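Each chain gets a letter, A, B and so on, in the order the sequences are listed, and its residues count up from 1. All values reported here derive from a predicted model rather than from experimental measurement.
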2 protein chains.
Amino acid sequence: MGTTQLETVPEPKYWHLRTVLSEALDSEFSVGEILPNERDLAARFGVARATLRQALEQLELEGRLQRRRGVGTTVAPPRVGVAVGTEQHAWPGAEGDAWEPADCATAAPPAAVAGMLETRKDEQVHTVRRSLVTNGQPVAAELLYVPLSSVPASAAADAASGAARAHAVLQGLRHLDLEGQDRAVELGSARAEDAKELDRLPGAPVLVVTTRFFARGRTAAVSVATYRADTCRLTFADSGGVEIHHDAS
Amino acid sequence: MGTTQLETVPEPKYWHLRTVLSEALDSEFSVGEILPNERDLAARFGVARATLRQALEQLELEGRLQRRRGVGTTVAPPRVGVAVGTEQHAWPGAEGDAWEPADCATAAPPAAVAGMLETRKDEQVHTVRRSLVTNGQPVAAELLYVPLSSVPASAAADAASGAARAHAVLQGLRHLDLEGQDRAVELGSARAEDAKELDRLPGAPVLVVTTRFFARGRTAAVSVATYRADTCRLTFADSGGVEIHHDAS
DNA sequence: AAGTGGTCTAGACCACGAG
DNA sequence: TCGTGGTCTAGACCACTTG
């Protein structure tokens with residue numbers, strides 16, 4: 001005691017490091033550029049690798065960095081804006097829908113989805129897998145649940161499974177009058193299956209968008225879409241339809 | 001070689017642990033219950049504390065757990081649904097708005113905000129701080145930027161600063177005709193200031209909602225709201241206005 | 001004062017991608 | 001094969017809350 005503390009920083013090292021690195025990214029690096037490896041960076045800043053990694057994780061979460069095992073850490077481009085609220089009154093699969101139907105199965109949905117669909121436990125529903133790709137990068141994976149009361153099994157009977165069947169189910173939805181929809185966004189972590197499709201590790205942060213589609217006074221379908229939280233920004237254009245674009249820095 | 005691997009699990013320990021704990025939470029714990037401490041849990045599962053913590057972090061991110069330093073780890077209640085899209089055509093501060101004005105200053109906004117407001121660099125704008133509290137828990141912190149061209153400085157001149165001034169600026173907005181709005185949601189990490197207000201540590205994951213308000217063919221105001229990602233779910237009711245509610249499990 | 005979660009260290013080994 | 005990020009360990013100390 002008695003020694004004057006020049007810097008009484010209750011601020012954690014990793015947080016300070018994050019700030020320093022963030023500023024360095026703004027001024028000294030350009031998009032796509034690769035950073036020195038973690039061991040070198042840690043040595044350069046005089047911290048343990050784990051501490052350096054904590055700072056990098058923050059920056060990756062904020063969409064500033066992109067890290068790939070076996071490759072390295074690169075400066076990420078600005079997040080992609082993905083429109084989620086423009087197709088105000090359209091069924092999934094309507095014209096202008098950029099989602100790519102991948103597959104379709106018939107199975108019992110998770111309990112939470114069954115609750116929204118008001119189906120009995122273990123009641124089977126069409127389960128359509130779709131994916132969204134922009135600029136060659138996978139951005140989101142979706143599971144669309146459609147009860148047989150919305151689209152009868154016979155409508156999809158001619159295609160056993162696969163993309164053809166997915167198309168058939170989406171086609172079947174269009175025969176219904178869409179009365180409205182209801183959306184929720186929350187943070188989640190990618191399940192192993194989604195992670196693979198999104199080219200991320202399991203547990204990667206994702207934005208989960210749950211949409212209910214209403215027809216005939218009931219919930220006619222439920223969509224659960226998981227978006228890569230590091231690379232995209234969800235946009236909702238209530239009116240005016242102007243895009244939000246972020247400036248660098 | 002030659003030995004048959006019973007469990008060729010390329011699955012990381014922390015991920016497996018997350019699954020095990022998640023199932024235990026579903027079946028053996030109830031909301032608010034406190035878990036054994038990290039050292040005990042780690043010992044019980046035969047892993048290092050750091051590994052156990054990685055699993056807990058995942059579960060906290062998913063809103064399943066709540067951890068408080070000096071206190072312990074508790075089972076979190078289901079996420080709170082926060083309506084974000086219902087006040088379709090209303091200015092912030094309109095009737096029914098649950099946000100609590102806290103303060104107001106006049107300062108130059110961050111570059112990204114200045115870009116959206118189309119104000120000159122270093123041009124001063126009203127900066128209103130508001131906070132949203134539900135069930136006694138802080139849920140979100142907002143910064144609302146209003147250029148002087150939308151609400152003249154004179155409108156807020158009678159209150160030097162503080163909540164009174166914030167109210168005056170919000171009042172001033174109501175004189176304009178709201179033509180539309182434009183919203184974006186993305187993942188971020190809480191800055192030190194927001195973290196404090198949200199009762200979290202710096203770097204905590206937050207959902208950042210950026211809203212542009214249009215009037216007179218221009219951007220009349222910009223709101224940047226940060227919501228605790230662990231405890232809340234943003235809801236957008238495009239029509240029908242029915243609440244999405246998740247069932248347990 | 002005791003107990004909790006939060007930070008940090010200095011190592012080790014593994015899985016993956018590219019040459 | 002080599003270099004990268006990802007996982008994991010076994011410790012230590014700190015900051016905070018509660019009794």
Once you round it to whole Å, what is the distance between [atom2] of [N] and [atom1] of [X]?
X        : N      : atom1 : atom2 : value
A/Leu35  : D/dT4  : CG    : C1'   : 13 Å
B/Glu57  : D/dG6  : CD    : P     : 15 Å
B/Trp15  : D/dC8  : CH2   : P     : 12 Å
A/Ile34  : C/dA18 : CD1   : C1'   : 12 Å
B/His16  : D/dC8  : NE2   : P     : 12 Å
A/Leu201 : C/dG17 : CG    : P     : 10 Å
A/Arg53  : C/dT7  : CZ    : P     : 16 Å
B/Leu52  : C/dG6  : CG    : C1'   : 14 Å

For residues A/Tyr14 and A/Gln58, report the shortest heavy-atom separation together with the two atoms involved.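 Smallest interatomic distance, heavy atoms only, reads CE1-NE2, 4.2 Å.
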
Check B/Asp103 against B/Ala166 and note the closest heavy-atom contact, atom names and distance.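 Closest pair (atom of B/Asp103, atom of B/Ala166, distance): O-CB, 3.6 Å.
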
Could you tell me whether B/Arg64 and B/Glu62 have a side-chain N and a carboxylate O separated by less than 4.0 Å?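 No salt bridge links B/Arg64 with B/Glu62.
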
By nearest atom, which of the nucleotides [options] is closest to the [X] side chain?
X       : options             : answer
B/Ala48 : D/dG5, D/dT9, C/dG5 : D/dT9
A/Thr51 : C/dG6, C/dT9, C/dT4 : C/dT9
B/Lys13 : D/dC8, C/dG6, C/dC8 : D/dC8

Taking only N and O in the side chain of [X], is any of them less than 4.0 Å away from OP1 or OP2 of [N]?
X       : N     : answer
B/Thr73 : C/dG5 : yes
A/Asn37 : D/dG3 : no
A/Tyr14 : C/dT7 : yes

Regarding A/Thr106 and A/Gln124, do their side chains bring together a donor and an acceptor under 3.5 Å, going by distance alone?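 Not at all, the side chains of A/Thr106 and A/Gln124 share no donor-acceptor pair under 3.5 Å.
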
By the 4.0 Å heavy-atom rule, please label B/Leu56 as base, sugar-phosphate, or nothing.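 It contacts nothing in the nucleic acid.
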
Side chain of A/Arg129, backbone of A/Ala163: donor and acceptor closer than 3.5 Å?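 The answer is no, because no donor-acceptor pair under 3.5 Å joins these two groups.
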
Quick check on DNA chain C: between A/Asp199 and A/Gly46, whose nearest nucleotide comes earlier from the 5' end?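 That would be A/Gly46.
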
Name the residue from A/Arg44, A/Arg69, A/Arg67 that meets the salt bridge (Lys or Arg N to Asp or Glu O under 4.0 Å) definition with A/Glu38.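 Of the listed residues A/Arg44, A/Arg69, A/Arg67, the salt bridge (Lys or Arg N to Asp or Glu O under 4.0 Å) partner of A/Glu38 is A/Arg67.
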
Annotated protein contacts, base or backbone, on nucleotides 11-19 of chain D with a non-hydrogen cut-off under 4.0 Å, one of B, S, - each: -BB-BBB--

According to the interplanar angle, ranging from 0 to 90°, do the rings of A/Phe236 and B/Phe236 count as parallel (below 30°), tilted (30 to 60°) or perpendicular (above 60°)?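 Answer is parallel, since the angle falls under 30°.
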
